[in-house]
Undergrad: 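Supplied in structure tokens, the structure appears directly below.
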Amino acid sequence: MSQLRKTNTLMNGDLQTYNIIKSIYILKRSLMERESYIVVMNFGSETETVILSNAVNDLQEKLYVYLGSENSGYSAGDVVSTVSSSGNPLLLRPQSVAVLTEKYIASESETSSSDTHNAGTQISSKLIS
């Protein structure tokens, strides 16, 4: 997450917010000619299917998970559909968060995990809670 906070998009990008239902909140940070980040949060007590194109304009048909909270069920690199509930829509578990991007970007946890794995030691870390 600290790597993400240092990006030009998060430091200088436009911020758009959406509250599509009572429990689902979306933040989109974008900057011209830079990667956009979409943060989807489920504050509710039930799993929600989120069709992002119904709320957020100008999205590709598929997005990549950059980072998922421990209980989201998503890992970096997972692909979700933004346009349909029949493909692979974003199914967000209760009290969870997913950070999405338009192209695959290795997250900080993947980078540190591979470095740690190469060193012969494995470390577990909590991404977002």
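Hydrogens, waters and symmetry mates play no part in the numbers below; they use all other heavy atoms, side chains included.
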Undergrad: Do the side chain of N71 and the main chain of R93 share a donor and acceptor less than 3.5 angstrom apart?
TA: no

Undergrad: Can you tell if the side chain of Y25 reaches within under 4.5 Å of the side chain of F43, non-hydrogen atoms only?
TA: yes

Undergrad: Can you tell me how far apart CG (N42) and OG (S23) are? Round to the nearest 0.5 Å.
TA: 4.5 Å

Undergrad: Mind checking whether V40 and V97 have side chains closer than 4.5 Å, heavy atoms only?
TA: no

Undergrad: Report yes if some heavy atom in the side chain of R29 is under 4.5 Å from a heavy atom in the side chain of S36; otherwise report no.
TA: no

Undergrad: On the 0 to 90° scale, with breaks at 30° and 60°, tag the Y37-Y66 ring pair as parallel, tilted or perpendicular.
TA: perpendicular

Undergrad: Please lay out, stage by stage, how I26 and V39 fare under the test side chain to side chain contact (heavy atoms under 4.5 Å, CB included).
TA: CA-CA 6 Å; I26 302 169; V39 181; over 6 Å; no

Undergrad: Side-chain contact test, heavy atoms from C-beta onward, threshold under 4.5 Å: evaluate it for L27 versus L15 and give yes or no.
TA: yes

Undergrad: Of all the heavy-atom pairs spanning V80 and Y74, show the shortest one and how long it is.
TA: CG1-CE2, 3.7 Å

Undergrad: According to a hydrophobic-cluster definition based on side-chain heavy atoms being under 4.5 Å apart (Ile, Leu, Val, Met, Phe, Trp, Tyr only), do L100 and L91 belong together?
TA: yes

Undergrad: Compare every heavy atom of A98 with every heavy atom of L92, then report the nearest pair and how far apart it is.
TA: CD1-CB, 4.1 Å

Undergrad: Applying side chain to side chain contact (heavy atoms under 4.5 Å, CB included), name anything that partners K103, two or more places apart in sequence or on another chain.
TA: E35, I105

Undergrad: What side-chain donor-acceptor pairs closer than 3.5 Å can you find for residues 46-64, not counting sequence neighbours?
TA:
{"unit_1": "S53", "atom_1": "OG", "unit_2": "T82", "atom_2": "O", "d": "2.7"}
{"unit_1": "K62", "atom_1": "NZ", "unit_2": "Y64", "atom_2": "OH", "d": "3.3"}

Undergrad: So, taking the atom named OG in S96 and the one named CE in M41, what distance separates them when rounded to the nearest 0.5 Å?
TA: 11.0 Å

Undergrad: Do V83 and I24 land in one hydrophobic cluster if side-chain heavy atoms of ILVMFWY residues count as linked below 4.5 Å?
TA: no

